[in-house]
Amino acid sequence: DTEVTQTPKHLVMGMTNKKSLKCEQHMGHRAMYWYKQKAKKPPELMFVYSYEKLSINESVPSRFSPECPNSSLLNLHLHALQPEDSALYLCASSQGRTLRTDTQYFGPGTRLTVL
Amino acid sequence: TQLLEQSPQFLSIQEGENLTVYCNSSSVFSSLQWYRQEPGEGPVLLVTVVTGGEVKKLKRLTFQFGDARKDSSLHITAAQPGDTGLYLCAGFQGGSEKLVFGKGTKLTVNP
């Protein structure tokens with residue numbers, strides 16, 4: 001099973017809303033990632049969690065707040081977003097033994113629209 | 001500066017034709033991964049290449065990693081409409097833990 005699941009599939013929110021994106025994997029992976037992908041662009045790394053600890057934060061604005069409650073779950077809490085934050089948000093996971101050589105497996109993404 | 005350059009950017013061919021897409025860099029990569037992505041979906045892993053000169057085959061797809069680990073190619077034989085999608089190469093440069101992506105090749109295979 002190489003499946004990473006993400007909910008919701010689509011999300012529309014106002015700039016004053018608070019919402020969360022969820023990601024789950026049951027492959028026993030110990031590294032999990034959030035990426036942002038704008039239309040016609042490649043994915044861009046936002047955060048990396050390794051063994052439930054935040055390992056990389058790519059200078060993401062504080063209106064995005066990641067959380068890793070356990071090794072199988074990864075959340076992204078959203079608050080006071082801007083319309084330019086509208087994008088496809090992708091979660092990925094990898095074994096986590098050596099991040100710089102790990103193969104990453106991606107979920108289907110959450111399409112976020114900020115009005 | 002784009003670390004991974006993919007070419008061509010767009011490719012439209014007829015069913016049954018062969019094609020090759022390229023992923024090039026001036027930097028050495030410890031590994032390269034190829035993904036296929038459909039609109040509104042996440043990238044699906046096709047292959048990971050690790051060893052310089054390595055060739056991997058996945059049915060009609062052949063992947064090659066350059067001897068110097070700076071480039072890779074994907075060759076598709078007898079393309080089918082189901083091969084349509086965005087092909088992304090991605091890799092870890094040197095000792096970095098950040099996966100960097102090329103801009104992708106958008107392939108359309110017409111019936």
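Numbers restart at 1 for each chain; the letters A, B, ... are given by sequence-line order, proteins then strands.
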Colleague: Less than 3.5 Å apart, any donor N or O on the side chain of A:His77 or A:Ser20 sitting next to an acceptor on the other?
Modeller: yes
Colleague: With only heavy atoms counted, which part of A:Lys9 is less than 4.5 Å from chain B, the side chain, the backbone, both or neither?
Modeller: side chain
Colleague: Quick check: does any side chain N or O of A:Tyr49 sit under 3.5 Å from a backbone N or O of A:Pro66, one acting as donor and the other as acceptor?
Modeller: yes
Colleague: Counting a contact as any heavy-atom pair under 4.5 Å apart, which residues of residues 52-70 of chain B contact chain A?
Modeller: none
Colleague: Give me the one residue out of A:Arg97, A:Glu52, A:Gln95 that meets side-chain contact (heavy atoms from CB on, under 4.5 Å) with A:Arg30.
Modeller: A:Glu52
Colleague: If you measure from CG on B:Leu74 to CG on B:Leu107, what distance do you get to the nearest 0.5 Å?
Modeller: 8.5 Å
Colleague: Can you tell which of A:Gln37, A:Glu44, A:His10, A:Gln6 has the highest number of heavy-atom pairs within less than 4.5 Å of chain B?
Modeller: A:Gln37
Colleague: Are the side chain of B:Asp71 and the backbone N or O of B:Cys23 linked by a donor-acceptor pair below 3.5 Å?
Modeller: no
Colleague: Between the side chain of B:Asn18 and the main-chain N/O of B:Ala78, is any donor-acceptor distance below 3.5 Å?
Modeller: yes
Colleague: Of all the residues in residues 32-44 of chain B, which have a heavy atom that comes within less than 4.5 Å of a heavy atom in chain A?
Modeller: B:Gln33, B:Tyr35, B:Gln37, B:Gly40, B:Glu41, B:Gly42, B:Pro43
Colleague: Give a yes or no on whether the backbone of A:Leu99 and the side-chain of A:Gln104 come within a donor-acceptor separation of less than 3.5 Å.
Modeller: no
Colleague: Looking only at atom types and distance, does a side-chain atom of A:Thr110 sit under 3.5 Å from a main-chain N or O of A:Pro8, one as donor and one as acceptor?
Modeller: yes
Colleague: If you count heavy-atom pairs under 4.5 Å with chain B, which of A:Pro43, A:Gly107, A:Ala39, A:Gly109 comes out on top?
Modeller: A:Pro43
Colleague: Could you walk me through whether B:Glu5 and B:Lys103 pass salt bridge (Lys or Arg N to Asp or Glu O under 4.0 Å), step by step?
Modeller: CA-CA 7 Å; B:Glu5 298 284 348; B:Lys103 289 187 176 180; over 6 Å; no
Colleague: What pair of heavy atoms forms the shortest contact from A:Ser93 to A:His29, and how long is it?
Modeller: OG-ND1, 2.8 Å
